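Quantities reported herein were computed from a predicted structural model and do not represent experimental measurements.
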Amino acid sequence: MIDSKITDGYHAPMKKYPFTAIEKKWQEYWQDNKTFRVTEDSTIPREKRVYVLDMFPYPSSAGLHVGHPEGYTATDIYCRYLRMKGYHVLHPMGFDSFGLPAENYALKTGTHPRISTEKNILLFEKQIKALGFSYDWDRNISTHTPEYYRWTQWIFLKLWEKGLAYEAEMPINWCTNCLTGLANEEVRDGLCERCNSPVERKNIRQWVLKITAYADRLLADLDKLDWSESLKLMQRNWIGRSEGANVIFPLADGKGEIEVYTTRPDTLFGATYMVLAPEHALVSELVTAERKEEVEAYIRKASRKSDMERTELAKEKTGVFTGGYAINPVNKEKIPVWISDYILISYGTGAIMAVPAHDQRDFEFAVEFDLPIVQVVSSDGELEEPKEATTADGIAINSGQFNGLTTAEFKVKMIEWLKENNLGRSAINYKLRDWIFSRQRYWGEPIPLVHCSSCGIVPVPYEELPLLLPEVESYKPTGTGESPLAQKEEWVNTSCPKCGGKAKRETNTMPQWAGSCWYYLRYLDPGNDRQFAGRNKIDYWMPVDLYVGGAEHAVLHLLYSRFWHKVLYDFGLVNTDEPFMRLINQGMILGEGGVKMSKSLGNVINPDEIIEKHGADSMRLYEMFMGPLEVSKPWSTRGITGIKRFLERVWRLAQWELCEDEPPRELLVLLHETIKKIGHDTEHIEFNTAIAQMMIFTGELYKADKLYRRLWEPFVLLLAPYAPHLAEELWQQLGHSSSVSKEIYPEFNEALTVREVTTLVFQINGKIRARADVQTGLAEEAMEKIALEQPRIKELLTERKIVKIITVPDKLVNIVVR
RNA sequence: GCCGGAGUGGUGGAAUUUGGUAGACACAGAGGACUUAAAAUCCUCUGGCCCGCAAGGGCCGUACCGGUUCAAUUCCGGUCUCCGGUACCA
């Protein structure tokens with residue numbers, strides 16, 4: 001009995017596809033029966049265990065948007081497929097529930113972030129469950145719970161223990177709106193990646209993680225990973241390894257030296273001046289009395305510039321002469337030392353040798369301040385008119401005994417020469433900076449350290465974790481570099497775990513990335529209160545076989561968690577040095593018309609409405625049918641009706657009376673082709689074409705006058721990973737009492753995928769002139785014979801001479817004529 | 001600027017694997033069947049141009065220009081556009 005509400009208001013009788021009722025029924029069934037719970041069954045061999053992971057969401061108040069289900073549906077289909085293929089699949093879900101939005105909401109309304117966060121989690125859970133994903137909900141975690149962040153703090157202390165966490169007073173990226181420091185990775189075009197407010201330089205006390213200590217391994221181990229090349233490249237670029245040399249330039253007055261880093265030691269003879277970063281320690285020593293005022297003014301101005309201003313002003317070079325000179329070690333020339341803000345204190349040695357002939361920035365600077373330009377690399381050994389810097393490799397000129405060497409040879413020779421003369425050595429540099437880890441905000445993990453006036457910084461003992469986030473009166477960021485926790489005196493004032501004397505707690509909190517650095521490990525053993533995860537569980541499941549999520553985390557989460565994982569690996573706490581073996585970035589779902597979906601454009605699609613109107617199975621299928629998972633594609637309200645029609649058609653077909661006879665061979669061949677195609681496409685995460693094949697198959701079944709059980713049962717199994725609710729219902733209708741998700745995936749018979757008849761194409765000089773249906777498996781001679789018998793071909797061959805005949809079995813015959 | 005990726009009908013997209021029938025499957029559109037009518041459903045057509053009453057046939061066509069090949073969406077060289085990343089990293 002189906003009421004009109006369930007049938008979506010259509011008046012069709014009884015048989016209308018009752019998706020709402022079906023979906024509710026099976027979601028309850030899966031929940032009540034814990035259908036997708038998975039345990040560490042030791043009888044299952046290693047190669048049959050698979051860990052498939054989704055990037056867990058931040059539970060925002062807006063609820064799920066259509067982008068979330070895209071990746072989740074993809075992994076769900078893949079997991080359901082693997083289970084039917086006999087794999088033991090770990091597929092968990094949780095929430096990344098510390099973060100600024102909840103705190104900002106608290107500021108506005110006074111609602112405790114925990115309250116709003118937990119409310120949002122319930123909303124997310126409900127929405128995710130409404131899509132019928134096969135998660136093992138018993139492993140659900142949320143990063144803001146003390147049971148979870150106890151271990152986030154524990155791992156932080158391990159980092160501290162290893163000397164990988166240090167305190168520094170340094171100029172950092174300060175978001176003027178969030179009122180907190182940011183990591184380099186969180187700044188985009190001089191703006192905060194979260195709120196797009198300008199980022200300024202601010203000198204405050206920070207906790208910093210020494211990710212640079214792992215730069216070489218983070219770079220090298222990318223080669224092991226099955227990630228897209230473009231994503232690996234993004235990480236490579238971010239790490240930014242370069243090879244070159246450090247070179248020592250003695251000061252002209254004999255009282256010291258300047259060390260520079262260069263990737264082009266072969267251009268040393270062309271170094272006509274030097275530039276220091278304004279913050280460089282030697283500036284104050286170098287500056288002459290008469291230039292002092294000008295230099296100090298420049299330093300002041302540079303320090304006030306925000307990142308935005310620095311990039312905007314990048315077109316014109318600025319700087320001042322310090323009055324000091326250094327000696328170019330290769331030719332003993334006395335060269336002036338300048339300062340300029342195009343030299344960054346944080347990269348290399350904070351100082352450069354300027355080779356204006358072969359570096360565009362140095363060239364611009366030299367032109368601006370009328371400094372000499374000496375060409376030392378030439379494409380042909382001849383001198384050229386310097387119109388701009390030539391950065392290409394070439395032949396050395398103006399370089400004394402090194403003249404005539406190629407750039408590559410010269411680099412090697414020069415480094416040898418520098419070493420012999422104690423003037424330098426080869427060096428490697430990275431763009432990657434250490435990770436600024438502290439946030440001056442409330443809603444995050446408290447950093448479990450204590451400042452003791454006699455013992456210094458002392459960690460909270462492991463057994464006292466979690467260090468609970470205290471309740472506070474106000475969540476308002478102080479803006480002074482202290483977090484709101486600082487106001488909570490009874491919390492801040494504590495005793496030193498070491499000497500028992502008076503001490504103060506660290507009041508900074510961790511960034512949102514902390515919790516997501518290791519959540520994939522907690523899923524393995526979510527209830528463990530003695531360890532972050534039991535080693536046996538880690539060995540059982542890790543590493544993650546497939547990880548799916550958005551590309552926006554390319555250099556944030558994915559770099560940070562690789563770093564933490566390597567640290568844990570070095571402690572012997574995990575079994576692999578990389579966490580995520582294969583990674584797929586799903587494309588963005590755009591609004592209709594191909595523009596970005598946004599609240600301001602009013603084109604946001606709400607999954608709840610889609611589910612209510614078309615059903616979860618339609619939603620799942622549509623998102624997969626739109627196109628390849630990895631590419632961005634626009635939502636189409638009309639597109640989903642096509643998918644809905646397909647499922648309605650499947651439902652109608654299911655109402656036909658079953659026929660137990662042997663189906664006609666043609667349909668049997670189509671079935672086996674379909675099993676082959678859908679199996680292949682599902683395995684390779686090419687869901688759009690798999691769905692197209694289902695449509696072809698049902699289209700043909702519709703043309704038959706009977707519904708053959710031997711065709712229909714395998715089809716329902718093929719459908720099951722994609723439209724699991726409908727498939728469960730149909731499976732039950734077919735008389736089965738267990739869940740379709742526990743069935744074995746159908747196998748195809750290769751012999752039955754071979755068609756008996758195929759269309760041969762006949763070409764003359766590569767142009768198609770005729771076609772004919774023939775039996776498959778014809779010999780080449782037979783194909784040629786048929787080709788030459790075609791009336792149209794005969795006609796076109798008169799008066800022509802056949803040069804050559806090319807045949808491709810079961811495909812074509814191409815006759816080359818003159 | 002540099003580094004990636006991508007450009008296929010009115011639209012989303014197919015063409016597995018090493019080159020072999022371009023446009024699968026859908027959406028939209030047109031026509032038809034059923035119906036008192038509508039909705040739903042079912043069937044047919046649907047890249048462009050041209051010849052033909054028709055059956056049928058021809059030419060062009062995968063961003064653009066060129067190359068390799070019997071044959072190019074696919075391989076090679078160049079140009080343009082869009083998207084993503086990055087931005088004084090010496």
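- A 3.5 Å limit on both hydrogen-bonding distances identifies no Watson-Crick or G-U partner for B:rA15.
- In this structure B:rC53 sits in no base pair that meets the Watson-Crick or G-U test at under 3.5 Å.
- The main-chain N or O of A:Tyr722 is found under 3.5 Å from a side-chain atom of A:Arg620 such that the two form a donor-acceptor pair.
- The nearest whole Å value for the distance from the CZ atom in A:Phe249 to the P atom in B:rA90 is 16 Å.
- At a threshold of 4.0 angstrom between heavy atoms, the contacts of A:Ser242 are confined to the sugar-phosphate backbone, with no base atom among them.
- Of the C1' atoms belonging to B:rC49 and B:rU11, the separation is 22 Å, rounded to the nearest Å.
- In this structure, B:rG9 is classed as syn because its glycosidic torsion stays within 90° of zero.
- Nucleic acid contact for A:Lys677: none, since no nucleic acid atom lies under 4.0 Å from a heavy atom of the residue.
- At a threshold of 4.0 angstrom between heavy atoms, the contacts of A:Ile806 include nucleobase atoms, whether or not backbone atoms are also involved.
- At the phosphate of B:rG57, neither OP1 nor OP2 sits under 4.0 Å from any side-chain N or O atom of A:Arg769.
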Is there any protein nitrogen or oxygen under 3.5 Å from a nitrogen or oxygen in nucleotides 21-26 of chain B, and what are the pairs?
unit_1, atom_1, unit_2, atom_2, d
B:rU21, O2, A:Arg771, NH1, 2.6

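- If you check every strand for non-hydrogen atoms under 4.0 Å, A:Ser636 touches nothing.
- B:rA87 atom C1' lies 11 Å from atom CG of A:Leu344, rounded to whole Å.
- The side chain of A:Lys804 sits closest to B:rC70 out of B:rC70, B:rU86, B:rA90.
- A:Ser632 comes within 4.0 angstrom of the backbone, heavy atoms only, and of no base.
- The shortest distance between the side-chain N/O atoms of A:Arg652 and the OP1/OP2 oxygens of B:rC42 is below 4.0 Å.
- Proximity note for A:Ser230 (side chain, C-beta onward) versus B:rA90, B:rG13, B:rG4: the nearest is B:rG4.
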